[in-house]
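Working notes for the structure below.
The figures here come from the full heavy-atom set of this structure, side chains too, leaving out hydrogens, waters and symmetry mates. Residue numbering restarts at 1 for every chain, and letters A, B, ... go by the order of the sequence lines.
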Amino acid sequence: MSNFKANLLHYQNLTRNIRDFFYARNVIEVVTPSLLIAPTTDVYIDSIEVSVNYALSKSSKFYLHSSPELEMKRLLSRGSGDIFQICQVFRDNEHGRINSNEFTMLEFYRVGFNMHQLIEETKDLLIFLGNDNPVKQMSYSQAFFEFADVDILNSDYEDLKSILKFHGLNTDYDWIEDMQMVLFVHLIEPKIKDFPVCFIYDFPKQQAALAQIDGLVAHRFEMYIKGTEIANGYQEIQTSKEYRDRFETELGKRKALSKPISFLDEDFLDDLGNGLPPCSGVAIGIDRLFTSLGL
Amino acid sequence: MNYSTSQFKNGLKLMLDGNPCSIVNNEIVKPGKGQAFNRVKFKDLITGKTLEKTFKSGESLEAADVMELEMQYLYSDGEKWHFMDPESFDQFDLGKESMGTALNYLVEQDNCIVTLWNNNPISVSPPNHVTLEVIDTDPGLKGDTAGTGGKPATLNTGVVVQVPLFVAIGDRVKVDTRTNEYTGRA
């Protein structure tokens with residue numbers, strides 16, 4: 001059989017195995033719309049805008065989903081229980097060896113799970129898919145202590161500035177979280193390249209995104225395979241009010257950076273109603289995962 | 001002239017902390033929730049050291065005026081090593097500290113690559129393969145023509161290279177300058 005065809009079959013096996021894994025755990029497979037009425041509010045993710053014709057000459061703007069997150073959360077708020085989805089997602093301004101405007105995402109939500117339970121399940125999934133390498137697990141703060149001798153959670157804007165300067169890096173960053181990120185990319189990622197699988201959890205609260213905050217940290221995690229980011233998960237915030245606050249913070253940052261202004265998806269906030277059940281969810285980049293499995 | 005991170009590629013010469021550097025590796029890193037960065041490995045063309053820096057995408061660096069020219073090695077007066085550009089007949093000289101391993105391989109009239117920064121020579125690279133003469137080595141064992149084992153031999157530049165037992169004083173041998181290994185008799 002040709003390599004090309006063998007690869008197609010390997011990919012089919014991967015998605016089949018993912019489905020089998022979740023079906024066996026009674027997690028329901030869903031499909032949610034990819035044409036949305038509002039772009040993402042994330043400061044560093046740009047939605048792709050598309051025009052749709054209707055009523056003959058009238059046209060209307062839509063946005064391709066950059067992640068199925070909000071649409072899946074709508075389902076959770078309506079009592080779907082555990083759900084998963086495999087879909088294409090779209091992001092503007094992404095290119096490079098391992099970035100692209102379109103990629104495949106697996107996203108799943110587990111009701112009643114906290115972050116650590118979801119990390120355990122993500123490990124189970126990895127083993128089920130054939131990656132049984134040893135797993136390293138460390139908090140964001142441990143990683144900085146161990147690999148950079150930096151107390152990241154207790155470093156303020158000025159502290160981080162002098163750390164950047166010490167490493168000969170540009171100090172021209174607007175927010176503390178951006179400095180944490182450049183230091184992570186510069187000092188930590190090259191070190192965790194040595195681990196076949198590495199989970200980093202409890203991010204600084206400034207990088208909470210949509211994860212619950214607890215003191216100085218947010219219950220957010222990422223999975224790295226040989227130093228490449230493969231997954232990003234949260235112990236989810238639940239109420240409409242919390243979502244509104246987080247979205248508004250991001251919108252404020254987009255404005256400060258003069259990026260195309262996004263706007264709040266009021267329908268989503270309305271639909272959340274009484275909010276999400278306690279749950280955790282994670283998004284996994286399937287293309288990168290497939291490559292890393294090296295089948 | 002400046003280069004933005006989107007123009008970065010291997011071999012591009014840029015100024016970093018006041019020294020001319022060459023890009024060895026350029027990796028775009030875009031955290032899912034963060035801005036895009038370029039994690040870049042450089043070689044400092046003066047010290048020869050490699051260093052890593054991370055830039056936010058969109059940053060730019062000043063270009064380094066660096067040229068690599070093929071020149072002829074003329075002679076050394078013990079303090080300076082003198083070279084000539086065979087096209088312009090311009091002569092350049094370098095101190096011992098800038099010669100690096102080229103010292104071990106260059107004999108007069110040989111061609112080599114001289115790196116100029118702002119028209120001043122900063123380093124010399126010998127050809128990958130040079131032919132040198134053995135000026136001292138222990139006598140080889142009779143009948144050992146298979147080249148099993150080895151022994152040290154001093155060549156006419158002063159460098160010591162492991163050679164097969166059959167190599168004798170006066171032989172001309174080929175050496176790979178990147179590994180300092182004997183590759184055969186000339």
Provide the closest heavy-atom pair for A/G168 versus B/K53 in the form atom of the first, atom of the second, distance.
O-NZ, 3.0 Å
Measuring from atom CD of A/E177 to atom CD of B/Q35, what distance do you get when rounded to the nearest 0.5 angstrom?
10.0 Å
Nearest atoms (heavy-atom pairs only) where A/P190 meets B/E52:
CG-OE1, 4.2 Å
Got a second to check how far B/T54's OG1 is from A/L183's CG, nearest 0.5 Å?
9.0 Å
Heavy atoms from other residues, nucleotides or ligands near OH of B/Y3 exceed 12 (cutoff 6.0 Å):
no
A/N93, part contacting chain B, at a heavy-atom distance under 4.5 Å:
neither
Do other residues, nucleotides or ligands put more than 12 heavy atoms under 6.0 Å from the CD atom of B/E108?
yes
Identify the two heavy atoms, one from B/K33 and one from A/D42, that lie closest to each other, and give their separation to 0.1 Å.
NZ-OD2, 2.7 Å
B/K96, NZ: over 12 other non-hydrogen atoms inside 6.0 angstrom:
no
Is the number of heavy atoms from other residues, nucleotides or ligands under 6.0 Å of A/K259 NZ greater than 12?
yes
Assess whether a salt bridge exists between A/E189 and B/R39, defined as any Lys/Arg side-chain N lying under 4.0 Å from an Asp/Glu carboxylate O.
yes
When B/F37 is tested against each of A/V185, A/L169, A/D178 for side-chain contact (heavy atoms from CB on, under 4.5 Å), which residue passes?
A/V185
May I ask you to check whether over 12 heavy atoms, not counting those of B/K41, lie within 6.0 Å of atom NZ?
no
Please say whether more than 12 non-hydrogen atoms of neighbouring residues, nucleotides or ligands are located less than 6.0 Å from CD in B/E87.
no
Counting distance only, does the side-chain N/O of A/E229 pair as donor-acceptor with the main-chain N or O of B/G32 below 3.5 Å?
yes
So OG of B/S57 and NE2 of A/H95: to nearest 0.5 Å the spacing works out to 8.0 Å
Applying a strict 4.5 Å limit to non-hydrogen atoms, the region of A/E94 in contact with chain B is side chain
Structural part of A/Y173 lying under 4.5 Å from a heavy atom of chain B
both
Worked check of side chain to side chain contact (heavy atoms under 4.5 Å, CB included) between A/D172 and B/E59
CA-CA 10 Å; A/D172 177 25; B/E59 264 187 72; over 6 Å; no
Is A/D149 atom CG crowded by more than 12 heavy atoms from other residues, nucleotides or ligands, each under 6.0 Å away?
no
A/K123, NZ: over 12 other non-hydrogen atoms inside 6.0 angstrom
yes
